[in-house]
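Structure record follows, encoded as structure tokens.
Chain letters run A, B, ... following the sequence lines, proteins first, then strands; residues in each count from 1.
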2 protein chains.
Amino acid sequence: MQLENASTEQLEQWETELAEQYQGFLGQNLKLDLTRGKPSAQQLDLSDALDGMLGGNYQSKDGTDTRNYGGLEGIAEARDLGAAILGVSANEVLAGGNSSLTLMHQAVTFAYLYGPCAAGSAWKDENDIKFLCPVPGYDRHFTICEDLDIEMIPVTMTDQGPNMDQVESLIKSDSSIKGIWCVPKYSNPTGVIYSNNTVNRMAKLGKIAAKNFRIFWDNAYAVHDLVDTPKPLANIMDACRNEGTEDSVLQFASTSKITHAGSGIAFLAASENNLNAFKKRLGTATIGPDKVNQLRHMRLIPDGDALRVHMEKHAELLKPRFASVLNHLDQHFANSNLGQWQRPEGGYFVSFNTLPGLAQEVVKLAGDLGVKLTPAGATFPYGKDPDDQNIRLAPSFPSVEEVDATMQAFVVCVKLASVRQKLQQLNG
Amino acid sequence: MQLENASTEQLEQWETELAEQYQGFLGQNLKLDLTRGKPSAQQLDLSDALDGMLGGNYQSKDGTDTRNYGGLEGIAEARDLGAAILGVSANEVLAGGNSSLTLMHQAVTFAYLYGPCAAGSAWKDENDIKFLCPVPGYDRHFTICEDLDIEMIPVTMTDQGPNMDQVESLIKSDSSIKGIWCVPKYSNPTGVIYSNNTVNRMAKLGKIAAKNFRIFWDNAYAVHDLVDTPKPLANIMDACRNEGTEDSVLQFASTSKITHAGSGIAFLAASENNLNAFKKRLGTATIGPDKVNQLRHMRLIPDGDALRVHMEKHAELLKPRFASVLNHLDQHFANSNLGQWQRPEGGYFVSFNTLPGLAQEVVKLAGDLGVKLTPAGATFPYGKDPDDQNIRLAPSFPSVEEVDATMQAFVVCVKLASVRQKLQQLNG
């Protein structure tokens with residue numbers, strides 16, 4: 001379907017046909033949901049051996065009784081796993097509770113109240129602090145900033161990562177910029193892997209930014225590949241060490257999309273300075289993480305080889321769901337300007353751009369059919385997509401059949417909204 | 001040993017004898033620790049069935065797949081347990097992660113940044129905010145305030161709870177008082193149970209305090225009795241309902257000293273207003289608690305009867321340890337003014353007061369023997385016991401034999417410090 005040179009008659013005919021198809025879906029009482037990046041029940045099944053894994057042996061390798069209080073940094077085995085995932089050494093890792101979002105929230109809150117590292121560096125003591133937010137991005141990152149009245153400045157995402165010219169220029173000219181949100185591998189939602197050049201330029205930001213600026217490196221999909229030979233992500237901590245900017249980055253990861261989503265282990269990796277500052281405040285908030293659950297995880301996934309085998313099983317379940325999304329998009333929009341999308345090689349999302357001004361309308365049309373999509377705008381700070389065109393598709397949770405049914409409805413909604421927009425434009 | 005009327009000769013003779021006994025301990029290379037309220041390994045063993053409890057069934061009673069994301073309030077079963085422990089209804093309870101300290105830290109931090117409830121009530125927007133701290137109290141409560149520069153005002157503990165005349169008078173005269181820390185049952189460290197009158201007067205504070213004042217009701221030892229017919233604690237939420245002050249109290253509890261100390265469930269109970277305000281901010285910090293662990297707990301301890309049976313087993317293990325502490329104190333100090341203590345009927349501590357000015361010295365003397373005691377002053381805000389006399393004894397973790405060995409050394413340290421002080425006073 002090509003709208004550009006279509007006659008009004010052609011457009012009206014399409015509108016009639018599409019409206020009929022839409023009515024057909026309406027009669028089906030669909031109840032479909034493509035909103036959140038949740039693993040499916042089949043994926044969760046892969047880790048059901050977790051419960052009962054300990055066989056009465058609650059002792060970690062260094063002899064710690066994991067059942068009791070203490071151990072703010074997590075057990076040694078879990079720190080090893082975090083180190084492997086994030087490409088750092090175990091002493092740079094803190095293994096926490098079930099949520100990397102909580103670690104990010106704490107890192108931002110502690111930096112706000114007390115400073116990310118050195119005394120006297122609290123963000124709250126400065127006026128009008130700001131974060132850079134590559135867009136489209138992850139809504140939960142943005143909410144953390146919004147709660148603390150941190151102004152968010154959108155930065156364009158390219159297929160190499162954030163536009164680093166923009167990033168550098170903004171940071172150079174404004175010392176009130178205190179952070180940048182990054183999902184460097186299979187970025188949420190675009191699926192982009194930051195290029196080596198992007199990572200290297202990120203590592204240099206510590207030289208031009210305010211001393212209490214931090215890169216929030218949320219490597220949520222570090223081992224979540226959908227292809228056999230995944231493109232590697234350059235090691236940000238190694239790059240920072242080359243530049244002498246180790247204190248400029250805080251890395252996050254978790255097992256949430258490796259084992260059971262709500263019951264995993266979260267990791268923070270950081271320089272000694274940053275980690276000490278974080279632990280000082282964390283020690284006020286808790287006596288320690290759930291070490292028993294950490295040990296249970298390490299018995300299930302004792303090393304990197306076990307992790308690779310485990311993640312391949314996830315990929316087998318995810319691949320047909322992603323294939324369904326991409327097949328529908330290819331089939332209906334490959335030779336049109338009605339949509340743009342990327343082909344992620346990992347992660348949990350497909351990012352789809354409608355024609356400008358149509359994302360909200362498409363989400364509404366789908367919603368009226370009983371097809372829940374992530375709210376339009378959710379991938380932008382303050383929920384405002386300036387071009388109203390980005391829609392995040394999250395196919396992991398539903399069955400392949402449900403993804404297929406959802407996408408059938410989705411493409412009709414996109415086409416219908418697009419044709420109607422064109423007709424309106426023609427009719428002035 | 002009575003120091004008051006003792007002659008210098010008598011005191012010098014005692015000093016010689018006690019110094020000899022002290023030297024004897026020094027030769028034993030003791031390595032004993034009576035510092036923290038941790039359950040013993042035997043207590044932890046009581047809950048070892050937790051791992052494997054689910055038998056592959058991860059579904060909560062309302063059909064939730066506990067393995068996946070979501071459920072900010074915790075699963076229904078866990079909220080029921082929290083409601084039973086705290087004497088409220090389940091819809092007033094949030095069941096969280098492994099640490100009630102984390103819930104308290106979040107409650108204070110959210111109140112500081114955003115206000116405990118209504119918009120515009122953030123503590124940070126007022127100058128010089130203060131908390132009332134009944135003393136002796138729990139050091140980790142005090143650290144939360146200290147981190148946020150909240151001024152702490154000590155309030156005297158009586159055997160009925162905090163001195164309510166002091167509390168009411170301070171609150172009436174100073175609207176910058178935003179909170180009070182309470183451990184209402186088997187108070188840490190005194191073991192006091194707040195009287196009905198104290199609870200009723202607490203419930204009335206909401207009428208005279210600032211609107212954004214909150215009682216932090218840390219009911220950590222709600223079901224941790226050491227006697228067969230424990231004295232009941234009046235229900236603070238019922239009392240508040242009578243007064244129309246439901247929003248003035250936030251209650252906390254956990255299973256940390258019920259199951260595995262580091263791997264339990266924490267509870268917050270609060271009015272609808274307070275709970276909604278808390279959840280609004282919590283939802284930025286996490287997608288939800290570890291529901292699998294909550295379910296595991298509820299399968300082990302499905303109801304109040306199971307809880308009672310379970311807690312009786314804890315009591316059987318704790319009783320001889322507390323008996324050892326009290327026997328040594330009775331035997332050596334019952335007929336002297338060298339020490340004062342209470343006989344807790346539950347909880348985790350015995351609070352011991354030396355003669356004024358000796359707590360630090362006793363802790364140091366013991367430390368030099370290899371006997372670790374909670375640092376003197378730890379039970380006071382800023383670590384400063386104005387009379388330098390309170391020492392918190394925590395006998396739960398060591399074996400009965402170790403408690404016995406520790407107390408043998410402890411009484412000698414107390415006597416030696418007391419005799420030396422008296423000699424110094426005489427020698428002026």
*By a 4.5 Å heavy-atom criterion (distance strictly below it), what part of A:Asp51 contacts chain B: side chain, backbone, both, or neither?*
both
*Which portion of A:Ser99 sits near chain B, non-hydrogen atoms under 4.5 angstrom*: side chain
*asked:* What part of A:Phe110 gets within 4.5 angstrom of chain B, counting heavy atoms only: side chain, backbone, both, or neither?
replied: side chain
*asked:* Is A:Thr109 close to chain B through its backbone or its side chain, or both, or neither, when contacts mean heavy atoms under 4.5 Å?
replied: side chain
*Contacting region of A:Leu103 [heavy-atom separation from chain B under 4.5 Å]*: neither
*Got a donor-acceptor contact below 3.5 angstrom from the B:Tyr58 side chain to the A:Asp48 backbone?*
yes
*Tell me, do A:Arg140 and B:Thr284 make a side-chain contact under 4.5 Å, heavy atoms counted?*
no
*Sort A:Arg36 into side chain, backbone, both or neither according to what part of it lies under 4.5 angstrom from a heavy atom of chain B.*
neither
*asked:* For A:His105, which atoms come within 4.5 Å of any heavy atom of chain B: side chain, backbone, both, or neither?
replied: side chain
*Of the listed residues (A:Tyr112, A:Tyr114, A:Phe397), which shares the most heavy-atom pairs with chain B below a 4.5 Å separation?*
A:Tyr114
*Can you say whether B:Leu282 sits under 4.5 Å from chain A via the side chain, the backbone, both, or neither, judging by heavy atoms?*
neither
*A:Asn68 side chain reached by B:Pro39 side chain, heavy atoms, under 4.5 Å*: yes
*State, yes or no, whether a side-chain contact exists between B:His260 and A:Thr66 at a heavy-atom distance under 4.5 Å.*
no
*Would you indicate whether the side-chain heavy atoms of B:Asp147 and A:Arg281 approach each other to under 4.5 Å?*
yes
_Partners meeting ring-ring contact (aromatic ring centres under 6.0 Å, His included) with B:Phe252 (sequence neighbours left out)_ = none
*Considering only heavy atoms, which portion of A:Leu113 lies under 4.5 Å from any heavy atom of chain B: side chain, backbone, both, or neither?*
side chain
_Pairs of heavy atoms under 4.5 Å with chain B: top-ranked of A:Leu54, A:Val292, A:Thr143_ = A:Leu54
*asked:* Please check: side-chain N/O of A:Asp290 versus main-chain N/O of B:Gly97, any donor-acceptor pairing under 3.5 Å?
replied: no
